[in-house]
Novice: 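This structure is in structure tokens; I'll ask about it shortly.
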Amino acid sequence: KEAHIGGYAAKVRKQLPIEDPYEELIPPVIQAKIDELEKYSDITVRTNTVVARIAGQPGEFTVTLKKPGEKIEFDVPFPLPEEMKLDENGKDLDVEKQHEVYLEYNKGRADILTIDPSGEAFGAVILAAGWRPYEPEGDEFAHLGLGSLPDVVTNCQFEEMAANGKIMRPSDGREAKSVVFVQSPGKGDDDSDFEYAGSVTSLVSLKQAKYVREDYEDGKAYIFYQHMRTPGLAENFYKSIQQDEGIFLTKGEVVSVSKNGEGMIVEADNTLLGEKISVKADMVVLATGMVPATVDDPVVNLAYRQGPSFRDIGLFDGFCDSNFICFPYETQRTGIYAAGGIRRSMTMEESIEDATGAALKAIQCIESVDRGVSVHPRSGDMSFPDFFFQRCTQCKRCTDECPFGALDDDEKGTPKPNPARCRRCGTCMGACPERIIGFADYNIDSVGSMVKAVGVPSEDDYDEPPFRILGLVCENDAYPALDMAGLNRLSFSADVRFIPVRCLGSVNVIWIKDALSQGMDGVFLLGCKHGDDYQCHFVKGSELADVRMKKIGEALTSLALEEERVTQFEVAIDDCHKLPKMINDFVEEVEGLGPNPFKGF
Ligand code: SF4
Ligand code: SF4
């Protein structure tokens with residue numbers, strides 16, 4: 001986008017140590033990296049360029065590039081805002097009318113299904129669009145003097161000054177020999193660091209404290225922190241800083257920064273020493289965070305029906321990683337991998353490693369597409385959801401609910417599958433009210449047959465038939481947790497039978513209705529956690545199942561069945577010790593309701 005590559009990495013004085021003994025700062029490596037890059041004749045660098053749209057699917061993305069600010073036919077169209085989908089009486093417009101309004105809204109932009117004949121072909125995309133410094137809103141940090149005292153700056157501003165020469169006070173150009181670094185904004189009970197901070201902001205404070213010592217033999221740096229995060233071998237750097245007699249580190253909450261003659265006074269509370277501390281300072285540096293570029297702009301501008309950006313990234317503060325725990329580098333869009341500050345706040349050194357990870361993922365993706373198989377997490381899966389389109393009602397649920405935006409739809413609302421975008425989660429199968437989506441080896445009938453094969457004890461065999469409870473269990477985390485419960489010899493009610501499913505998102509309510517109508521007394525779904533600390537391998541599966549479960553509750557009530565007969569549990573893979581109680585409590589609750597009245601019919 002800019003005229004030169006390098007970004008913030010090209011604007012620093014020094015970098016964190018990357019070699020044993022991890023104590024000395026090193027000169028920036030960015031120019032050497034750029035020089036190395038220029039030696040590769042098969043790598044093309046485009047500057048002053050942004051993405052107008054990325055269309056298609058992994059293995060065959062068609063990318064339209066343009067100059068920043070240009071308006072072109074292949075600028076990506078945006079989905080209709082919700083309010084534009086309604087008529088003047090607040091009712092939903094029908095599909096055709098909505099399409100008409102959509103075309104008008106995006107006039108001058110080619111539809112997502114139109115491929116740019118001059119577009120360039122790519123197999124996979126790595127998004128490394130980086131970050132920008134956090135911009136404080138209004139008087140957000142007024143108590144720290146930001147905005148009113150010219151010698152209070154952010155860490156980025158301080159770095160820029162340090163890169164330009166000796167550190168001087170911005171107010172009068174005099175030497176800044178006493179500098180206070182503030183790690184957390186100090187808001188009473190909330191001891192959080194600045195937004196978008198992380199270990200990088202701790203490490204940058206340590207690095208910048210060292211600049212003060214480099215510039216002035218009698219310089220003093222004070223670091224007030226609530227959390228000092230120095231992962232891995234960065235701990236050695238932290239220890240070396242602790243040995244410097246000119247750098248003072250203490251846990252504490254900075255409560256105020258005020259003018260004091262020609263300098264400032266910084267007051268901190270709740271320090272390790274248990275007393276208030278006042279420090280005279282020439283400058284104060286706030287360790288504000290790194291805001292990913294995707295907060296301001298979709299950047300990738302995907303020609304996908306679900307929209308040009310990554311969906312729901314607001315839940316993750318705008319970072320576009322799809323599962324922090326299990327799948328680093330992956331985004332919610334197959335074939336598009338994230339590296340560096342776009343994924344989480346991180347140091348340059350971490351970003352370099354990250355780029356390698358993302359590149360390997362991109363290579364895996366291209367190879368998988370070439371072989372016609374799925375990428376992670378169902379690597380190697382050769383099946384793909386089949387649609388029996390003759391019975392499709394164009395309800396768009398599959399297109400809307402697919403966690404990976406794999407389905408587009410045409411002007412009539414008929415889903416258009418993009419097989420290489422699909423991760424085979426089965427969410428579309430769970431969503432389809434017509435039950436016309438299925439895989440060759442996993443479909444409504446195959447699981448339905450398993451449900452039918454579960455025996456329901458009857459009075460023919462027992463004086464008092466035991467209850468029968470069905471558990472539909474996600475194969476990713478919940479099923480291994482059950483396995484571990486078994487390995488640990490943990491026991492629970494013998495009345496329960498389990499059927500593994502790909503993801504709770506793939507559970508079609510017909511299986512639950514079938515189970516209850518054949519006399520089972522209760523059904524539970526066991527899957528991964530949802531919400532902002534979600535662990536669902538397919539991002540939204542448990543969340544969607546939760547919504548569907550609420551709806552099935554209403555349907556059960558209309559059948560005179562208690563809605564408590566169906567429930568959903570969420571567990572982490574290491575929650576095996578919680579499972580017996582979870583399951584037994586549910587069995588007990590169902591027993592309290594009595595046998596299913598449909599039993600025996
Ligand atoms: S299986 Fe999952 S990823 Fe594939 S189309 Fe269906 S919902 Fe989308
Ligand atoms: S959910 Fe089923 S009926 Fe609805 S659009 Fe998709 S395939 Fe058609």
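Ligands are counted one by one from 1 in listed order, and the atoms in each one are counted from 1 as well. Just so we're clear, the structure is a prediction, and the values are computed from it rather than from any experiment. Just so it is clear, the values below take in all heavy atoms, side chains as well, and ignore hydrogens, waters and symmetry mates.
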Novice: Would R502 count as a cation-pi partner of F439, with NZ or CZ less than 6.0 Å from the six-membered ring centre and within 45° of the ring normal?
Specialist: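 Yes, a cation-pi geometry holds between R502 and F439.
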Novice: Among all protein heavy atoms in this structure, tell me which lies nearest to atom 2 (Fe) of ligand 2, with the distance rounded to 0.1 Å.
Specialist: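 Nearest protein contact, heavy atoms only, for atom 2 (Fe) of ligand 2 is C432 SG, 2.4 Å.
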Novice: Can you confirm if the NZ or CZ of R565 lies within 45° of the ring axis of F467 and under 6.0 Å from the centre of its six-membered ring?
Specialist: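 No cation-pi geometry.
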Novice: Would you call R305 and D410 a salt bridge, taking side-chain N to carboxylate O under 4.0 Å as the test?
Specialist: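 The answer is no: the pair does not qualify as a salt bridge.
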Novice: Protein N/O/S atoms under 2.8 Å from atom 6 (Fe) of ligand 1: how many?
Specialist: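 For atom 6 (Fe) of ligand 1, protein nitrogen, oxygen or sulfur atoms under 2.8 Å: 1.
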Novice: Which atoms from ligand 2 have a heavy atom of C395 less than 4.0 Å away?
Specialist: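 Reading through ligand 2 atom by atom, the close ones are 1 (S), 3 (S), 4 (Fe), 5 (S).
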Novice: Measure the distance from atom 8 (Fe) of ligand 2 to every protein heavy atom, then report the residue, atom name and distance (to 0.1 Å) of the closest one.
Specialist: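 So the nearest neighbour among protein heavy atoms is C392 SG, 2.4 Å.
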Novice: Looking only at heavy atoms, is any part of K396 under 4.0 Å from ligand 2, and if so is it the side chain, the backbone, or both, or is it neither?
Specialist: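 Answer for K396: backbone.
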Novice: Does the E543 side chain pair with the main chain of H530, one donor and one acceptor, at a distance under 3.5 Å?
Specialist: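 Judged by distance alone, no pair lies under 3.5 Å.
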Novice: Determine, for K361 against E330, whether the closest basic-nitrogen to carboxylate-oxygen distance falls under 4.0 angstrom.
Specialist: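 A salt bridge links K361 with E330.
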Novice: Check T399 against ligand 2 and report side chain, backbone, both or neither, counting heavy atoms closer than 4.0 Å.
Specialist: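 Under 4.0 Å from ligand 2, T399 contributes no heavy atoms.
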Novice: Against the six-membered ring of Y304, is R421 placed for a cation-pi contact (under 6.0 Å from the centre, within 45° of the normal)?
Specialist: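 The answer is yes, since R421 meets both limits relative to Y304.
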Novice: Can you tell me which residue pairs pass the side-chain hydrogen bond (donor to acceptor under 3.5 Å, both in side chains) test with a partner in residues 52-65, sequence neighbours excluded?
Specialist: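 Checked against side-chain hydrogen bond (donor to acceptor under 3.5 Å, both in side chains) - neighbours excluded - the pairs reaching residues 52-65 are Q57-E60, T64-D116.
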Novice: Answer yes or no: does atom NZ of K529 have more than 12 heavy-atom neighbours from other residues, nucleotides or ligands under 6.0 Å?
Specialist: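 Yes.
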Novice: I'd like to check which ligand 2 atoms, numbered from 1 as shown, lie under 4.0 Å from a non-hydrogen atom of E434.
Specialist: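 The atoms of ligand 2 under 4.0 Å from a heavy atom of E434 are 3 (S).
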Novice: Side-chain contact, heavy-atom cut-off 4.5 Å: F389 with P415?
Specialist: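 In contact.
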Novice: With a cut-off of 4.0 Å, which atoms of ligand 1 are near a heavy atom of F439?
Specialist: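 Checking each atom against F439, I get 1 (S).
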